[in-house]
Participant: 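Dumping the structure here so I can ask a few things about it.
Chain naming here is simple, since letters A, B, ... match the order of the sequence lines and numbering starts at 1 in each. Quick caveat: nothing in here was measured; it's all calculated off a predicted structure.
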Amino acid sequence: MTAKQSIAAFGASASQVFAFYFILGRKSAKTRVFALLGLVPVVLAVVVRIVMRGRAEDVMAVFTEILMVLFLQFYIVILSLFFGTSIVAEEIEGRTLPYLITRPLTKPGIIVGKFGAYALLMALMVTVNLALSYFIMNGYRLGEASLYLTFLRYAGVLGLGVLAYTAFFVFLGAVLKRAILVGLVFGFGWENVIQYFPGSTQKFSLVHYLKSLLPYRPAPGGKSTLSLLLFRLEPTTPAVSILTLAAVTAVLLALACWIFRAKEYLFEE
Amino acid sequence: MSAVIRAENLSKWYGNVLGLSEVTLEIENGVTGLLGPNGAGKSTFMKLVTGQMKPNIGSVTVGGRRAWNDPALFAKIGFCPEPDAFYEDVTGWEFLTGLLRLQGFCRAEAAERAARALDIVDLAKDKDRLIRGYSRGMRQRVKFAQAIAHDPEIIVLDEPLSGLDPLSKRKLIKLIKDFRSEGRTVLVSSHVLPEIEALTSRIVLIHQGKILAQGDIPYVRELIEAHPHVISIRSSDPRRLAAGFIGDAAVRKLTFDPDGKTLVIETHKRDAFFGRLTGAVLEAGVLVDEITSPDDNLQAVFDYLVGK
């Protein structure tokens with residue numbers, strides 16, 4: 001097979017798998033549970049809006065430092081963990097892998113197609129819940145164009161987060177049998193601790209690059225509420241952050257494809 | 001006739017457990033039955049043929065191509081896995097059309113083929129029900145349907161008849177026989193000899209990862225016939241019944257269970273013995289409560305063949 005034919009086979013496989021798993025993913029109980037979980041920040045936004053009535057200037061600070069903590073350090077991590085590790089694991093545990101790997105599909109195409117389908121589902125869940133909470137909190141200034149630009153930037157940051165974390169968890173799922181446990185330690189242990197280390201150590205976490213892209217910064221010397229999200233952040237430039245996240249996603253996904261192609265997955269009898 | 005599936009010194013192990021050991025085998029067009037008790041290596045062989053696993057030693061080729069990581073080959077293969085595993089949250093229709101789309105068919109052709117396959121397995125009217133709600137037999141049929149919906153040249157069926165009611169079983173057997181006349185290659189596994197017998201006369205006996213015997217049914221039957229069978233008959237007067245068998249050349253040994261109600265007969269001509277049994281019971285005029293054959297299963301036959 002020539003390189004051109006291989007690329008065409010990979011592309012066809014990925015698009016067929018994407019279409020199949022987007023439908024399966026939409027119907028799964030897992031998606032419904034996580035869509036409901038995404039309503040937590042929305043409910044919180046309603047509560048904050050009621051409590052902060054008349055203090056419009058603090059709304060963006062509260063949004064970034066409370067709601068974005070939920071989105072960035074909990075919601076997208078847990079979503080990516082469960083969807084990402086399941087890309088390989090659900091086929092093994094459900095014994096459905098033979099239906100996939102005995103079709104004329106390339107194995108990298110299977111991984112990339114499922115990754116794409118699940119990433120799109122997660123991005124939709126995140127964007128809908130982000131939009132609801134964001135516009136509930138900023139409902140008093142819906143006429144400002146900057147509001148929508150800022151929203152797009154928040155959504156973009158979370159989208160990049162979904163891609164990078166999911167690629168990491170797909171990689172874990174392709175390598176390990178019990179990837180979810182290691183993923184929990186990474187997502188809620190390593191990522192949560194290392195980001196607060198001063199200097200360049202914090203750059204060994206994915207969340208550092210995501211936080212570096214956030215549009216909101218507290219004014220220097222200004223009164224900040226809860227600075228949990230931006231505490232000790234020594235931001236990387238946006239270009240470097242985007243490149244780093246894109247590189248991490250591409251490399252981990254490529255590694256996952258390579259492992260999935262070479263490895264035999266046996267069912268436990 | 002040239003071999004479609006060819007295995008040469010094929011060995012596969014899982015850690016310390018041997019799955020297949022130095023299997024050399026050629027499978028030609030038509031239906032070939034892979035017969036062996038559970039854990040014999042049938043599924044391992046089928047997984048190697050369908051490229052789900054790679055051999056540790058030796059090779060397996062399908063149509064002259066190695067199956068591992070050759071997706072183009074899978075357009076020609078249909079595989080029905082043994083486990084009762086599905087995407088549970090989809091309907092039978094979505095399951096089939098989805099898998100046909102993965103096979104590379106456009107939406108319209110996938111729909112046409114799915115409708116035809118569901119019709120063949122009598123699931124057309126249940127196509128819009130979730131697979132989660134299907135009975136065991138329906139699940140087995142939809143699993144079979146996905147293996148044949150794309151009209152593959154080579155069909156690999158791992159225990160396709162298990163869980164089916166007699167009517168569905170008969171229909172599926174007829175269908176598999178039809179594949180033979182269409183010039184396709186079918187490899188079908190079972191641990192039940194009569195099932196394989198109903199499908200084909202060409203069988204491969206596999207046990208503990210090794211090919212024990214291969215050939216047509218009469219040859220294998222001959223091997224099995226030589227195996228002394230034990231048959232227990234619980235009746236109102238076992239001694240009177242035994243008297244009728246004393247002169248029977250097919251009977252090797254007659255014993256009585258301590259309960260005094262059961263006659264235990266050992267024969268090396270099982271079929272001939274059963275042919276005579278009804279007449280003997282009538283002649284003796286006894287009431288028969290139960291007839292059992294403790295070793296009338298494949299495992300016993302295999303144990304006998306491997307000299308245990």
Participant: So, for B/P71 and A/L105, which heavy atoms are closest and what is the spacing to 0.1 Å?
Facilitator: CB-O, 3.3 Å
Participant: Under 6.0 Å from the CZ atom of B/R136, do we count more than 12 heavy atoms belonging to anything else shown?
Facilitator: yes
Participant: Answer whether the closest heavy-atom distance between the side chains of A/L24 and B/D89 falls below 4.5 Å.
Facilitator: no
Participant: Side chain, backbone, both or neither: which part of A/K27 has a heavy atom under 4.5 Å from chain B?
Facilitator: both
Participant: So if I apply the ring pair (Phe, Tyr, Trp, His ring centres under 6.0 Å) rule between A/Y99 and each of B/F95, B/F79, B/F74, which one comes out positive?
Facilitator: B/F95
Participant: Answer whether the closest heavy-atom distance between the side chains of A/T102 and B/I77 falls below 4.5 Å.
Facilitator: no
Participant: In terms of the angle between their ring planes, are A/Y21 and B/Y87 parallel, tilted or perpendicular, with boundaries placed at 30° and 60°?
Facilitator: perpendicular
Participant: Check each atom of B/E88 against the heavy atoms of chain A and say whether the ones under 4.5 Å are side chain, backbone, both or neither.
Facilitator: neither
Participant: Quick check for you: among B/D84, B/T50, B/L102, which has the greatest number of heavy-atom pairs under 4.5 Å with chain A?
Facilitator: B/L102
Participant: Could you state the interatomic distance from CD (A/Q16) to CG (B/L100), rounded to the nearest 0.5 Å?
Facilitator: 11.0 Å
Participant: Tell me, do A/P104 and B/Q103 make a side-chain contact under 4.5 Å, heavy atoms counted?
Facilitator: yes
Participant: Between the side chain of A/E264 and the main-chain N/O of B/K54, is any donor-acceptor distance below 3.5 Å?
Facilitator: yes
Participant: Heavy-atom distance under 4.5 Å to chain A: side chain of B/F86, backbone, both or neither?
Facilitator: both
Participant: Got more than 12 heavy atoms from elsewhere within 6.0 Å of CH2, B/W68?
Facilitator: yes
Participant: Hey, which of B/E82, B/Q52, B/K47 is the one that makes side chain to side chain contact (heavy atoms under 4.5 Å, CB included) with A/P98?
Facilitator: B/Q52
Participant: How long is the straight-line distance from CG of B/N69 back to OG1 of A/T106, given to the nearest 0.5 Å?
Facilitator: 9.5 Å
Participant: Select one option (side chain, backbone, both, neither) describing which atoms of A/A19 are under 4.5 Å from chain B's heavy atoms.
Facilitator: neither
Participant: Give a yes or no on whether B/R65 atom CZ has more than 12 heavy-atom contacts from other residues, nucleotides or ligands under 6.0 Å away.
Facilitator: yes
Participant: Above 12 or not: heavy atoms from other molecules or residues under 6.0 Å from OH of B/Y14?
Facilitator: yes
Participant: For B/K76, I'd like to know if atom NZ has over 12 heavy atoms of other residues, nucleotides or ligands within 6.0 Å.
Facilitator: no
Participant: Would you mind telling me which of B/M53, B/H150, B/K143, B/R101 has the largest number of heavy-atom pairs within less than 4.5 Å of chain A?
Facilitator: B/M53
